[in-house]
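First comes the structure, then the notes that go with it.
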Amino acid sequence: MEKLIITAAVCGAEVTRKQTPYIPITPQEIAEEACLARKAGASIVHIHVRDENGKPTQNVDVFRKVVKLIREKCPDVIIQVSTGGAVGMKPEERLQSIYSKPEMATLDVGTTNFGDDIFVNDLPLIRLFAKKMDEEGIMPEFECFEVGHVHNALKIVKEGLIKGHLHFDFVLGVPGACPADVRNLVRMVDSIPPSATWTVAGVGRYEFLMAAHAIAMGGHVRVGLEDNIYLSKGVLAKSNAQLVEKVVRIASEIGREVAKPDEARKILGLNKVVQ
Ligand code: KMH
Ligand code: ZN
């Protein structure tokens, strides 16, 4: 099996300080958490940012600040910015993050229920985001919350909007979306081309269960406080690094080596962008 790529989703848009005091909020805290996660074994960091009140924002200046701080502290990590932002944000607002010179960005490839809300990603929006990412030389990671989203991704690939290696993230266990169940994971993996790579983000209590399945199946893993705030039942993770360390331990027990950022770039067909 190829080496395991671990992505750390360090803060997300939804988790609050009320839920966990360990969620990073300021650019300095987000960058610090990202680099500690890198040290623990993550080769990609998935970045959302917050404003001074802790509310999610897609403000490009805040993204630029975080990207700069991460590059100063841990220059080799792959930075992947979110274009999902938070539910209810307008497409133009969400797209701002790609102008912070990341190597990767998420491309949410379908509309889904998201708790009590609806996370809107219709095909015109997906095409627009794909085109803009291509113009900026950014590699997309397809975020699939449902199996139909895989087919939306393949549709825009067929339309010629995406070139190069295809990489999918199966986000399983969001309330209202596809449950985190191994049969659902297998169904999604079976739907992508054999040359594509995939990672899984199990939400909440399913984070490590999905991680273990992916490690055994030859996929890759995303963990982080965006998806799950607990290290084990009732025990809050004190950092993203703790969650990454747990994945490294599971991988080591199963005999799967962990990829460093440059090894992850090779697996993903990603050419390092010189900033
Ligand atoms: N916050 C979610 C509504 C992404 O980063 O692209 C969307 C999200 C996906 O987190
Ligand atoms: Zn995200």
Side-chain angles (χ1 to χ4, degrees), residues 6-16 19 23-25 30 33-34 37 42 44-51 54-60 62-63 66-67 70 78-100 102-122 125-126 128-130 132-133 138-146 149-150 152-153 156 162 167-178 180 198-204 207 210 220-229 240 243:
I6 302 174
T7 300
V10 299
C11 70
E14 290 81 24
V15 176
T16 64
Q19 292 169 300
I23 194 81
I25 300 276
I30 292 169
E33 274 293 296
I44 303 177
V45 288
H46 169 69
I47 301 295
H48 287 251
V49 298
R50 308 289 182 101
D51 67 14
K55 275 183 56 189
T57 174
Q58 289 291 101
N59 183 302
V60 69
V62 188
F63 269 99
V66 171
V67 168
I70 295 175
I78 300 167
I79 300 177
Q80 176 195 81
V81 297
S82 170
T83 65
V87 163
M89 285 179 173
K90 298 226 156 42
E92 318 78 65
E93 187 181 2
R94 284 169 52 183
L95 250 185
Q96 286 185 76
S97 60
I98 68 167
Y99 300 103
S100 61
E103 282 181 82
M104 296 180 78
T106 52
L107 178 55
D108 296 276
V109 279
T111 296
T112 182
N113 285 312
F114 200 91
D116 288 353
D117 301 311
I118 299 175
F119 181 37
V120 178
N121 297 286
D122 53 34
L125 176 149
I126 299 167
L128 171 73
F129 280 29
K132 296 291 179 191
M133 283 183 206
I138 295 169
M139 179 183 182
E141 174 184 272
F142 300 120
E143 308 301 297
C144 304
F145 297 78
E146 301 281 357
H149 296 179
V150 176
N152 282 343
I156 61 160
I162 306 282
H167 183 61
F168 292 79
D169 177 23
F170 305 131
V171 186
L172 301 180
V174 169
C178 187
W198 60 275
T199 191
V200 69
V203 173
E207 181 162 81
M210 288 296 112
H220 303 282
V221 170
R222 173 174 123 173
V223 290
L225 295 174
E226 171 168 349
D227 302 328
N228 163 49
I229 59 175
N240 283 278
L243 299 169

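Counting begins at 1 with the first residue of the sequence. When a ligand or atom number is given, it counts from 1 through the structure's own listing order.
Each of Val60, Ile79, Ile47 was checked for a side-chain contact (heavy atoms from CB on, under 4.5 Å) with Val67, and the lone residue meeting it is Ile79.
Between the side chains of Gln80 and Glu103, no donor-acceptor pair of N or O atoms lies under 3.5 Å. A donor-acceptor contact under 3.5 angstrom links the side chains of Glu226 and His48, judged on distance only.
Closest non-hydrogen pair, Val109 versus Asn152, comes out as O-ND2, 2.8 Å. Pairing each heavy atom of Ser97 with each of Ser82, the nearest pair is OG-O, 2.8 Å. Leu172 and Met210 make their closest contact through CD1-SD, 4.1 Å (heavy atoms, listed as atom of the first residue, atom of the second, distance). Here the closest heavy-atom approach between residue Asn121 and residue Arg94 is recorded as OD1-NH2, 2.5 Å.
The pair Lys132-Glu92 does not meet the salt-bridge criterion, since no charged nitrogen lies less than 4.0 angstrom from a carboxylate oxygen.
Each protein N/O/S atom under 2.8 Å from the Zn ion (ligand 2) was counted, for a total of 3.
Between Phe168 and Phe142, the ring-plane angle classifies as tilted under the 30° and 60° cut-offs.
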Provide, line by line, the atom pairs where ligand 1 and the protein bring an N/O atom each to a distance under 3.5 Å; else say none.
{"residue": "ligand 1", "atom": "1 (N)", "partner": "Glu14", "partner atom": "OE2", "Å": "2.7"}
{"residue": "ligand 1", "atom": "1 (N)", "partner": "Gly85", "partner atom": "O", "Å": "2.8"}
{"residue": "ligand 1", "atom": "5 (O)", "partner": "His46", "partner atom": "NE2", "Å": "3.2"}
{"residue": "ligand 1", "atom": "5 (O)", "partner": "His48", "partner atom": "NE2", "Å": "3.1"}
{"residue": "ligand 1", "atom": "5 (O)", "partner": "Ser82", "partner atom": "OG", "Å": "2.7"}
{"residue": "ligand 1", "atom": "6 (O)", "partner": "Gly84", "partner atom": "N", "Å": "3.3"}
{"residue": "ligand 1", "atom": "6 (O)", "partner": "Thr106", "partner atom": "OG1", "Å": "2.7"}
{"residue": "ligand 1", "atom": "6 (O)", "partner": "Asp108", "partner atom": "OD1", "Å": "3.2"}
{"residue": "ligand 1", "atom": "6 (O)", "partner": "Asp108", "partner atom": "OD2", "Å": "2.7"}
{"residue": "ligand 1", "atom": "10 (O)", "partner": "His48", "partner atom": "NE2", "Å": "3.3"}
{"residue": "ligand 1", "atom": "10 (O)", "partner": "Glu226", "partner atom": "OE2", "Å": "3.0"}

